[in-house]
Number of protein chains: 2
Amino acid sequence: MDHRAFKDRIYEQLGRLGKSLASPKRLEMLDVLCQGPHTVESLAGATGQTLANASQHLKALRAARLVETEKQGLYVTCRLAGPEVGEFFLAFRRLAESRLAEIERITRLYLGSRDMLEGVDQATLLERVRSGEVLVLDVRPAQEYRSAHIPGALSVPLAELEQRLARLPRRRQIVAYCRGPYCVMSVEAVEILRRHGRKAARLEIGVPEWRQRGLPVARGPDPAPSPNPVEVP
Amino acid sequence: MDHRAFKDRIYEQLGRLGKSLASPKRLEMLDVLCQGPHTVESLAGATGQTLANASQHLKALRAARLVETEKQGLYVTCRLAGPEVGEFFLAFRRLAESRLAEIERITRLYLGSRDMLEGVDQATLLERVRSGEVLVLDVRPAQEYRSAHIPGALSVPLAELEQRLARLPRRRQIVAYCRGPYCVMSVEAVEILRRHGRKAARLEIGVPEWRQRGLPVARGPDPAPSPNPVEVP
DNA sequence: CGTATAATCAATAGAACACTTGATTATGGG
DNA sequence: CCCATAATCAAGTGTTCTATTGATTATACG
């Protein structure tokens, strides 16, 4: 192997990793997988694409060793290939935020029109949760809540929010969070809550960012079960 | 703007950054720019492509705000758009190394056949330089040496090595370094040195990695000028 | 002013990629 | 044993990307 061939082959390998990050859909899939393991089907649903397409993207992510898959019965479970992948994804997104002004522009355009810019201070949030001053809602799908959630948070998937409104407190401050800064579920949740007279705000970060800041994370099912008790499939 | 449009636009932006990292040539250009500013021409030369092609890739890197360019007279100087870009590049490469076994395989195949696997311990290298036990050679182009180099290193660009051999010590251990682990200049330098009876080894890291480990870095022209004295253009 | 050089632009052809669709392969349940 | 479902495979199509080539712009210098 001569000098040039070596160089070219190395950069070709680095390019493999780069190409994995070149598709918006694949990045969205990585973002979702940062929340915890998913089946191919739920991944496809969460990212708004067909099963075949998601499977194809997964193949690429697997080839770059960013994602691992494991067959369990009829389902295939996908997960990030290691904690360093999730950390890298956050670093990647942080770089994009720092370099591309468009991202902030788009976010302002979207959130600004919804009067949702006020952030919740994460440093004091935990105390307020402990003191019962605020109620934290995790509006992601129940499975992601089980993988990891903010301690003390209540799992109320967005799809169930309307029907569970009656059992939510009327006066207490409510803080909703979802997958992260670019996930819209918490935005929709806050809109619903406010429409029904609740004092609601959005936490702009999700569990991966929460964890990376060294804050504690809880696992397992919702400690306060709903009338139809949580079933572990 | 509706929820889905927002999400899609955000991931589209992240994809812009990803696409910048999808081309081996662009990655190589980033690697070279980690050494310091370059003109478009020297960048094209260092990465083995035509001027027009390099200019085209630069356009993409500029669009992603990874690289800044500045016109100075007849030349255009390119540099990384900020220190976080260089740090990210190292993180990106580190992830690729940890995920893609092929990279280590290719490196072993290349270096192994040259019996060059023995590494130099960076922790003790600096002392040995101070004590005069070893001579450190920076075999990169002089301009990169001027941007930043390992303290105490002597600038001997690979192209000039053969003609400057006579003035290099015959008994002292020599350690050569270049741009980093995948740059072949130090490998070629060690081959030349050994062919002429010197005790030579390769330092597998370059200045960016050296700096990131918190080790000191020097700037400016070679303190020991050669017969044709260094001219700062 | 005209020439040489650095750099960009513009047009092109070939390769790689993304999404769709329909067929195929596993696995578990009735 | 057959069917329903999750997932992958395979082929087709339109798009995007990359490298090449030749023309054009901008700047310095004699």
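Numbers restart at 1 for each chain; the letters A, B, ... are given by sequence-line order, proteins then strands.
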Please report, rounded to the nearest Å, how far the [atom2] atom of [N] is from the [atom1] atom of [X].
X     : N      : atom1 : atom2 : value
A/H38 : D/dA6  : NE2   : P     : 16 Å
A/D8  : D/dA19 : CG    : P     : 11 Å
B/E70 : D/dT27 : CD    : P     : 14 Å
B/R16 : D/dC17 : CZ    : P     : 12 Å
A/L51 : D/dC9  : CG    : P     : 12 Å
B/H57 : D/dC17 : NE2   : C1'   : 9 Å
B/L74 : D/dG30 : CG    : C1'   : 15 Å

Compare every heavy atom of B/I150 with every heavy atom of B/V207, then report the nearest pair and how far apart it is.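 Heavy atoms of B/V207 and B/I150 come nearest at CG2-N, 4.4 Å.
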
What heavy-atom pair brings B/R140 and B/Y145 nearest, and what distance separates the two atoms?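 Smallest interatomic distance, heavy atoms only, reads NH2-CA, 3.7 Å.
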
On DNA chain C, does the nearest nucleotide to B/R62 precede the nearest nucleotide to A/T50 from the 5' side, or the other way round? Give the residue.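 Of the two residues, B/R62 wins.
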
Scan the side chains in residues 82-95 of chain A for donor-acceptor partners under 3.5 Å anywhere in the protein, sequence neighbours excluded, and list what turns up.
| residue | atom | partner | partner atom | Å |
| --- | --- | --- | --- | --- |
| A/E84 | OE2 | B/R99 | NH1 | 2.5 |
| A/R93 | NH1 | A/E209 | OE2 | 3.3 |
| A/R93 | NH2 | A/E209 | OE2 | 2.5 |

As a test of reading the structure: which of D/dA19, D/dA26, D/dC9 is closest to the side chain of A/K59, going by heavy atoms?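 Selected nucleotide (nearest to the side chain): D/dC9.
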
So which nucleotide from D/dA6, D/dC9, D/dT18 ends up closest to the side chain of A/E41?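 Looking only at side-chain atoms, A/E41 lies closest to D/dA6.
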
When rounded to the nearest 0.5 angstrom, what is the spacing between CD in A/Q49 and NZ in A/K25?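 Reported value, rounded in 0.5 Å steps: 5.5 Å.
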
Name the residue closer to the 5' end of DNA chain D, choosing between A/Y75 and A/K19 according to the nucleotide with the nearest heavy atom.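 Going by which nucleotide is closer to the 5' end, it is A/Y75.
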
Could you check B/A52 against B/Q72 and say which one's nearest nucleotide on DNA chain D is further toward the 5' end?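 Nearest-nucleotide comparison on DNA chain D picks B/A52.
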
For DNA chain C, note the earliest and the latest nucleotide, 5' to 3', having some atom under 4.0 Å of a heavy atom belonging to chain B.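 Endpoints of the contacted stretch of DNA chain C: C/dT5 to C/dC9.
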
What contact category does B/Q49 fall into here, base, sugar-phosphate, or nothing, at under 4.0 angstrom with non-hydrogen atoms?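 Here B/Q49 touches no strand at all.
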
More than 12 non-hydrogen atoms from neighbouring residues, nucleotides or ligands closer than 6.0 Å to CZ on B/R195, yes or no?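 Yes, CZ of B/R195 has more than 12 neighbouring heavy atoms, counting only those of other groups under 6.0 Å.
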
Tell me which one of B/E28, B/E204, B/E144 satisfies salt bridge (charged side-chain N to carboxylate O under 4.0 Å, His left out) with B/R179.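 In the set B/E28, B/E204, B/E144, the residue that makes a salt bridge (charged side-chain N to carboxylate O under 4.0 Å, His left out) with B/R179 is B/E144.
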
Using 30° and 60° as the class limits, which term best fits the ring planes of A/Y110 and B/F6: parallel, tilted or perpendicular?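 Because their plane-to-plane angle is under 30°, the rings of A/Y110 and B/F6 count as parallel.
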
Check whether any side-chain nitrogen or oxygen of B/R26 sits under 4.0 Å from OP1 or OP2 of D/dT18, and answer yes or no.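 Yes, within the criterion.
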
May I ask you to evaluate whether B/N53 reaches the phosphate of D/dT20, defined as a side-chain N or O under 4.0 Å from OP1 or OP2?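 Answer yes for this pair, as a side-chain N or O of B/N53 is under 4.0 Å from OP1 or OP2.
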
